[in-house]
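Reckoned from all heavy atoms, side chains included, excluding hydrogens, waters and symmetry mates. Letters A, B, ... are given to chains in the order of the sequence lines, protein chains preceding strands, and every chain is numbered from 1.
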Amino acid sequence: MNRLRPSIKPRFLISAPKPVPIVIATLLAIPVIMAAWFGVSSGGSETWDHLLNNRLLEFTTTTLGVLVLAGALMLLIAVPSAWLVSLYEFPGRRIFDWALVMPLAMPGYVMAYAWADLAGIAGPLHNTFRSLTGLSARDYWYPDLFTVPGLSFVLGATLFPYVYITARSAFLNQSLSTLEAARSLGASDFRLLRAIALPAAAPAILAGLSLGLMEAAADYGAADFLGIQTLGVGIVRAWASYNEPAAAARLALVLVSIAFTLLIAARFLQRGSTQETSRRWLTPSRQALGTSSKWLAFAFCLFVFAITFTLPVTRLIWLSVETAAGTGDIWEPLQNSLLLGTLGASLALVSAVLIVLHHQDAPQTAWLTRLASAAGYAAPGAVLGLGGLFILQVTGQSLTGLVALGILVWIYATRFTAAGIEPIAATIARTPKSLAMAGRSYDVSWLYRFRRVEFPIMRPGILAGALILFVETLKELPATLMLRPAGWDTLAIKAHNYATDERLAQAMLPSLLITLAGLLPVLLLSRQMNRTGHKIT
Amino acid sequence: MRHFSLPLAASLLLGLAACAPASQDTETSVAEPEKRLTVYSARHYDSDKLLYAAFEEQAGVTIDVRETNASQLLETMKAEGENSPADVIIASDAGALWRFEDAGLTQAFDADLITADVPASLRHSDNHWIGLAKRIRLVAYDPELVDTANIDQWTDLADEVNRGEICVRSSSNIYNLSLMAEMIDRVGEETASAWAAGVKANMARNPQGGDTDQIRAVAAGQCSIAIVNHYYWARLSQSDSEADRAVAEKTRLIIPSFDDGGGAHVNITGIALSKTSENPDLAAEFVNFLLTKQGQELLTLDTQELPILAEADAPAGAVDVPPYERSDASLDVFGENQAEAQRLYDLAGWN
Amino acid sequence: MATNLPLTADHVSKAYAGGTVVDDVSLTLLPGKLTALIGGSGAGKSTLLRLFAGFERVDSGEIRYGEQLLSSRRKLVEPKHRHTGLIFQDFALFPHLNIIQNIMFGLTAMDKQERLKTASDWVSQMQLDHRREAYPHQLSGGEQQRVAIARALAPEPRAILMDEPFSGLDPSLRTETRQMALSAVKQAHIPALLVTHDPAEALRHADQIAVMSGGKLLQSGTAEHIYFEPENETVASALGPVFKHEVSTLPAPWQSDFSGRQHIYWRPEALQPDPDGAVQARVTSVAGVGSAAVINVKLGPFECQISPQTARPAVGDQVRLALDPRAVFAF
């Protein structure tokens, strides 16, 4: 191996072929730019005026209302449960510790289906309640799922793990002695949380919240099913019902700005995490709770887990089994889902790896690929679906066969590459810089270095990234709905179609399969993040 | 593709349908010896797969299917323009089919090629689309609480006697739009408007959910009158779920008629011929197949719609649908009055 | 809160999954006295401190403040109710609070004005007036530790527990900070515990020294007592280097003093240059100057360090040596 000659000073001349990052940035940005450009450039129209005057404000306030309520719910669920499992010992703590991440495997629309069935006026909960109390449906008030608070509940219940994960890792990484100092100064547990732990964990918690809210803003399936007029629904309606793609693109601009603001906020907050002066980053030994408090903690976590996972999933299983007869045709959508998930995740993963490598090689132009991937990540699926259709128009292609498949996979990559970058970059960030420097000081080919140095270093991150990307693609609905090749039903599409057809029972099996397929990756991910205590995106 | 110029792209945007590159005229029909039929369907029923398979075998063709909801099919076809591979479009509700026609995406079937006997009132006046199955908008009610005399006319639903008893879905739904469109045609705009306001006043709750949710609400006792399509009730009665069957057992169906004795509000699932179709003959053959006894029974097997063809058996759940009469009025008004219908609902405050 | 009662550990034990960490330890911390707890790592020092503070439950035995029971197998008065000040090696300041807010954190019993005044007094006493609005990460290590001391003492705790408070500091800051801290602690007239691995620190400042090893308290007493009358080799070496010698290899004049012993131990200062000394030895190496000097002599088959002296011998010089019995131990 005579090429392995160390040069006198480190030479940074080996890098991925120069055009690669530019090509990737362009590819990732095109769908977003297309959607935005069509929104800005097309002239005013009657539909746009109508939307602007009558609906834009409503769409926007509804979306913001949902974000506020869902965000409050995420905090209310995630922070106390993360606090409990991080600092106290109580029955079931070890299980809740990872189990509370599981709702992340369930797409918002699946949660909406399950809860609509569970909590409908004729559903099992109401029926039981009425048969126990002898009341009639007109005699009592009940919380209605088909409302803004209802949608917020559904989104909060599926997305709170974003906050839970970041809060938990922040609490676990808290300096033990700082907490003990506060205790010795007479601080009650509540004051400990309010005055010490929360301020220290706040940036991480808010970063998790921003990500959760970004996902909430991108929702289409749940809002559409519950009939709530959010921007995500408005975009698809403006496109599909008002026949006005340009108006849809303009609504998309509003939604993208909201989501992008949240994404930027998340990054900013994560960067500004507290400067701890305390160096002892030990995991606090968990405090045993008194008899009544430990059962209270157990009850709280059980309640959270039940409403966000056990109840809806049990309902999915129940109805899937009950209506097992009508499930003959599930293998094809399952295969399609797996294939699309694999293709989408692979393309996104390759771009993520290339982008991370590029950041290492040429940090001064890293903003380009970073911005492109962030823009795609902040653009909800409905927006990118629109962008995909515009690409189709401009190129004069029809939505058939390989073309549609290609565009859809392209859109997946645009949407999710950023989610793949984060764990890979995190793995690299944890390895000493000198290692990469040493690797680069040798005059070897780019590929050789990647195979021998970067890839082994990045492997855990790549695995985590692949898992995230796979789950995300599997759950994706609006873009898939708009762009999938003719005759291609995925599990998500199947569930959505059944649900819009008011065949909720039949929607349960595909919904269950999506959830199950996402569960393993989510659990592996949770384990990895628990171990490294690292941030997520 | 990175090289397209902005002016070119802009012109494509303004005149999408017309601007597809000529070179894209591809081999779909030319080079393929094999017969292919592309179906854009707004339905998604497992029994449709059986239906397509049966025709594939009988006619020796291959069917490509694109299934998604009607409005997305419409936009997809607009985006595809001249390149759309669609031969036929299957969609529920005459109002939905009208949207395709209105957007210039359909062409007329050659009436001579359609051998099946479809009443003129269940097809487009120029044969842009042809009815395949019937669907009836009616009332599901709680027999213990409601006197059928109070609901056997559509206008009765606006009567004060039904105050706080009605459950119905959002007005933007095509079923309600078509109902209102026919109402306008039958009783005039003024009465129709008053009717919407009366129904709004009689609602037990704000419009929400789908038709099935309204029937469930009646069974749960939240209201006693639900305005729904018949097949949602039929599906509940045929459900594998015991709870669903219990819902159907607690409710009864009645088909209100229009005041002038003009019979029921009957809608259709229909098939339209795509303007871009290069196989109109094959498409017609497909339509004829759908209108055979076999085709009709497969078509309605899962949906619980009512066959058009007299000799076809109604699906199990639909046999409980009460007898009804229908006038010969054209379904074209469903589309023509659509915008007006939405306006009247909006005025009445019916969300 | 100046009731000034002793804090007592009475036959306290604590075990984890890995084994017994604190094994039947009894130790009384007297008010106004500084008790230094020394021992190697893993000796159980920090765990004993945490037991005193109430962060851990005892497996057996009792911890009492005066007559008040704080810990037993069944009972645990929580840290927040113990009024015990704590000082950590890593300072453990609240990163999001400034200096004055950090010090005010524990002063909840007072009204706002009083809190501010008390905290300000402490800021002045710790000579931090110019930094009162600063945040912890803006301070030097010594300044941070002074804030930590003020924060711990400001609420007038019943006792103060310090876990290697000075070992994280730069040596140049250590003396000054330690001086300021320990004088503040002594002024409080409360039981004080100082966990340290620096024997010089213990010997110089502690009123009482307790030596732990393997979870057991080997010996406790005044510095004088522990230093000169260690009960075993471990205690002896915990307080400074000791040399072990076989009696039979000693120069003949000294052998008779230890008849019946196989080994003896002495500290470097035991070998005193003395013109009247019974033994003569040759200097084999000299390094350093003054009190840091290391002078070795050839004594029989061994090279031994002797007590430093101002007159610096040269290699090869013959010196006469006496053995100071106070620094010689036999167990």
* **Intermediate values then yes/no, side chain to side chain donor-acceptor pair (under 3.5 Å), A/Arg503 and B/Thr212** => CA-CA 9 Å; A/Arg503 286 183 289 165; B/Thr212 315; over 6 Å; no

* **side chain to side chain donor-acceptor pair (under 3.5 Å) between B/Glu67 and A/Asn497, intermediate numbers included** => CA-CA 9 Å; B/Glu67 285 183 357; A/Asn497 282 347; 5.1 Å; no

* For A/Glu502 and B/Arg216, what are the C-alpha separation, side-chain angles and deciding distance, and is it a salt bridge (charged side-chain N to carboxylate O under 4.0 Å, His left out)? -> CA-CA 12 Å; A/Glu502 303 186 24; B/Arg216 289 206 168 105; over 6 Å; no

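Residue B/Arg43 does not touch chain A at all, counting heavy-atom pairs closer than 4.5 Å. No part of A/Asp139 comes within reach of chain B, as not one of its non-hydrogen atoms sits under 4.5 angstrom from that chain. With a 4.5 Å cut-off on non-hydrogen atoms, A/Asn127 does not touch chain B at all. Only the side chain of A/Tyr142 comes within contact range of chain B, with at least one heavy atom under 4.5 Å from a heavy atom of that chain. Heavy-atom distances place no part of A/Leu504 under 4.5 Å from chain B, backbone and side chain included.
Within the model, atoms OG of B/Ser170 and CZ of A/Phe146 stand 12.0 Å from one another, a figure rounded to the nearest 0.5 Å.
Shown here for A/Ile121 and B/Ala217, the closest heavy-atom pair between the two residues is CG2-CA, 3.7 Å. Of all heavy-atom pairs spanning B/Gly221 and A/Ala137, the tightest one is C-CB, 3.7 Å.
Within residues 242-251 of chain B, the residues approaching chain A closer than 4.5 Å by heavy atoms are, in numerical order, B/Glu242.
If you tally non-hydrogen atom pairs under 4.5 Å between each of B/Lys49, B/His44, B/Arg235 and chain A, the highest count goes to B/His44.
A salt bridge links B/Glu165 with A/Arg138: the distance from a Lys NZ or Arg NE/NH1/NH2 to an Asp or Glu carboxylate oxygen falls below 4.0 Å.
Listed by chain and number, the residues in a side chain to side chain donor-acceptor pair (under 3.5 Å) with B/Ser171 are B/Gln342 (sequence neighbours excluded).
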